[in-house]
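Along the sequence shown, the residues carry numbers beginning at 1. The figures here come from the full heavy-atom set of this structure, side chains too, leaving out hydrogens, waters and symmetry mates.
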Amino acid sequence: MNTLPKLTGAKRVLVIGGGAAGLLAAGRAAELGAQVILLERMEAPGKKLLITGKGRCNITNTAPLKEFLAAFGPNGRFLYGAFHRFFRDQLLDFFRRRGVETESERGGRVFPVSHNAADVVNALVSHAREHGAEIRPNSRVRSIDRDSRGIRGVKLESGEFIPAEAVILAAGGASYPATGSAGDGFSLAEKAGHRINPLYPALVPLVIKEIGFAVACQGVALKNIRLTAFACEKASIPDITIEHDYGRGTGWEKPPPKVIESRFGEMLFTHFGIGGPITLLMSQAVARALDAGPVSVHIDLKPALSKKELDARLQREFAAYPRRQLPAILRELLPEKMVEVVAGISGIPLGRTAANFTAGDRRDLVKLLKGLAFEVRSTLPLGAAMVTAGGVELAEIDPKTMASKLVPGLYLAGEVLDLDADTGGFNLQAAFSTGWVAGEAAAKTASVDHA
Ligand SMILES: Cc1cc2nc3c(=O)[nH]c(=O)nc-3n(C[C@H](O)[C@H](O)[C@H](O)COP(=O)(O)OP(=O)(O)OC[C@H]3O[C@@H](n4cnc5c(N)ncnc54)[C@H](O)[C@@H]3O)c2cc1C
């Protein structure tokens, strides 16, 4: 996408952060003729990129634009402008031209054919260097300097001042701080005058109060179940059967009372609680709800059957095997590791045979299987989350250029913005697209002397 003319009399663009957004911004600004220096606090750029998609880097998704934007919730609207300029086709073309072929998998996830995130980082770094951008590792930015007319430059932790006509802040979020994204972006933006919306962990496992249960079932993956989060204590969970997914990107906007989100799919017990794909998807909404009050989750272990159908199935099995005791009955319905612990919380005597089950026992068992409930203590902390929700208020950013509306010459891109999406490659596409347009716009700004 080389449609913009090269600049003459190039001025300097500084990029803070060598992640997905910063590397592409630096390359694009340099391509357009700006003198670019990318400042990266770690010893090398792209540390987080290297661990994305379990080292395979899920760079984007094949979902149609409407679904793509829905994966970000209401803030997704902000991305129209950037996606209009640089979206999936342009991104895939960018990588293809640099020898990174891609393929799509289940759920529309797009990965490099090599399954190697290092290929993505190398392509981004070589694009930036090819066009003359300088990448300076071990260069942590401490402050962005501005005066009443706008950007003056940045100050490094070492005390060095680097003057510039434009600065692109692409320092990422506050999750996985060992990769370098430790929240500096938020404090730098705040000091520059921007509002930072509250930060929450997103795509993160949940800690439950029933630790004994979690430990006993650690490692059990449950497939084809429905997980629902409620804004109440366990004892107040309403007696309802949920048949649709609720939550962002699901198309069902208004959940029933007390329901935060509900999703069908796969989850996992861990030694502290629950994780796995559908838990991660609802974790951001749960994190926000926990701020307001108690949160519980329940698992419908048999979502394909109504309570009545499940009761009928039990009755058939009880008639066929009248001497079976509770653990043997549960063994037909649950993974082995869950049998003892579920039997323990059922309230039904372990030695009771099927022939001696009362209608009340059956009702209790159906209730348990259709709504195995836990109280959520917390999410894992922000540092352990895959993505940081919250961040720089989008109303203060021009969605077409990523320019700060408050500080002339400042641009912001990537996870530092108040944007986060579901898993599936959406977050990286947002970082790449906002980085690209920020690079273009900053290069243009840098050609105009605003001093
Ligand atoms: C384990 C894991 C797996 C993930 N997998 C995927 C996936 O497969 N697909 C997907 O779409 N998303 C994935 N994500 C999310 C995705 O990685 C991020 O949304 C994306 O990297 C954000 O890009 P960014 O450029 O804004 O920030 P980052 O990639 O975090 O880059 C920010 C950079 O800024 C640097 N920096 C920070 N402060 C300073 C400073 N003061 N001075 C100089 N440099 C600074 C950091 O060192 C870092 O290199 C994953 C995240 C994690 C943690």
Side-chain angles (χ1 to χ4, degrees), residues 1-4 15 17-32 36 38 40 44-69 71-72 79 82-133 135 170 172 176 179 181 203 249 277 386-387 413-415 419 421-440:
M1 270 204 117
N2 261 320
T3 50
L4 294 186
V15 180
L23 283 169
L24 198 55
R28 184 57 178 155
E31 195 175 347
L32 294 175
V36 177
L38 183 151
E40 167 54 53
K47 289 245 167 196
K48 185 173 278 181
L49 269 169
L50 289 175
I51 59 164
T52 55
K54 298 196 173 119
R56 299 197 303 137
C57 193
N58 176 196
I59 53 175
T60 186
N61 195 285
T62 58
L65 181 63
K66 199 168 162 226
E67 264 175 54
F68 210 108
L69 294 171
F72 291 83
L79 285 166
F83 284 179
H84 181 70
R85 177 83 194 131
F86 185 88
F87 190 39
R88 175 180 51 228
D89 288 353
Q90 291 80 9
L91 182 70
L92 296 184
D93 187 52
F94 170 90
F95 282 119
R96 197 174 307 118
R97 281 190 282 116
R98 282 165 186 81
V100 183
E101 295 293 335
T102 53
E103 63 188 10
S104 60
E105 292 186 6
R106 191 176 43 87
R109 290 155 199 261
V110 180
F111 294 89
V113 168
S114 64
H115 292 186
N116 188 357
D119 291 349
V120 171
V121 175
N122 291 340
L124 291 164
V125 168
S126 64
H127 170 244
R129 290 212 169 113
E130 200 176 285
H131 293 290
I135 297 178
Y176 278 63
T179 62
S181 324
L203 305 179
M386 272 164 81
V387 176
E415 206 174 309
L419 284 170
D422 297 342
T423 48
F426 304 104
N427 288 297
L428 277 177
Q429 178 70 59
F432 288 132
S433 295
T434 55
W436 182 271
V437 298
E440 280 191 350

Could you check whether any side-chain N or O of Asn58 sits under 3.5 Å from a backbone N or O of Val110, counting only pairs where one atom can act as donor and the other as acceptor?
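Pair found, side chain donor or acceptor close to backbone of Val110.
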
Could you grab the distance from atom [atom1] of [X] to atom [atom2] of [Y], nearest 0.5 Å is fine?
X      : Y      : atom1 : atom2 : value
Thr102 : Phe111 : OG1   : CZ    : 11.0 Å
Arg97  : Asp93  : CZ    : CG    : 4.5 Å
Gln90  : Phe432 : CD    : CZ    : 13.5 Å

4.5 Å side-chain heavy-atom contact, [X] and [Y]:
X      : Y      : value
Val15  : Leu23  : no
Pro277 : Thr423 : no
Leu124 : Leu49  : yes
Phe94  : His127 : yes
Glu415 : Asn427 : no

Provide the closest heavy-atom pair for [X] versus [Y] in the form atom of the first, atom of the second, distance.
X      : Y      : result
Ala26  : Leu38  : CB-CD1, 3.7 Å
Leu203 : Ala421 : CD1-O, 3.7 Å
Ala128 : Ala30  : O-CB, 4.4 Å
Ser104 : Thr62  : CB-CG2, 3.9 Å
Thr434 : Ala430 : OG1-O, 2.7 Å
Leu428 : Ala20  : CD2-CB, 3.7 Å

[X]: partners by side chain to side chain donor-acceptor pair (under 3.5 Å), with sequence neighbours left out:
X      : value
Ser126 : none
Gln429 : Thr60, Ser433
Asp422 : Arg248
Glu101 : none

With Phe68 via ring pair (Phe, Tyr, Trp, His ring centres under 6.0 Å) - residues at least two apart:
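Phe68: ring pair (Phe, Tyr, Trp, His ring centres under 6.0 Å) contacts with Phe83, Phe87, Phe426.
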
Tell me, please, which residues at least two apart from Ala438 pass side-chain contact (heavy atoms from CB on, under 4.5 Å).
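Residues passing side-chain contact (heavy atoms from CB on, under 4.5 Å) with Ala438: Ile168, Met402, Tyr411, Ala413.
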
Can you list the residues that meet the side-chain contact (heavy atoms from CB on, under 4.5 Å) rule with Thr179, with sequence neighbours excluded?
Lys47, Lys48, Ile51, Tyr176, Ser181

Where at least one partner belongs to residues 106-132, residue pairs that pass salt bridge (Lys or Arg N to Asp or Glu O under 4.0 Å), sequence neighbours excluded
Arg98-Glu130

For Arg56, give me all partners under salt bridge (charged side-chain N to carboxylate O under 4.0 Å, His left out), at least two apart in sequence or on another chain.
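By the salt bridge (charged side-chain N to carboxylate O under 4.0 Å, His left out) rule, Arg56 matches Glu105.
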
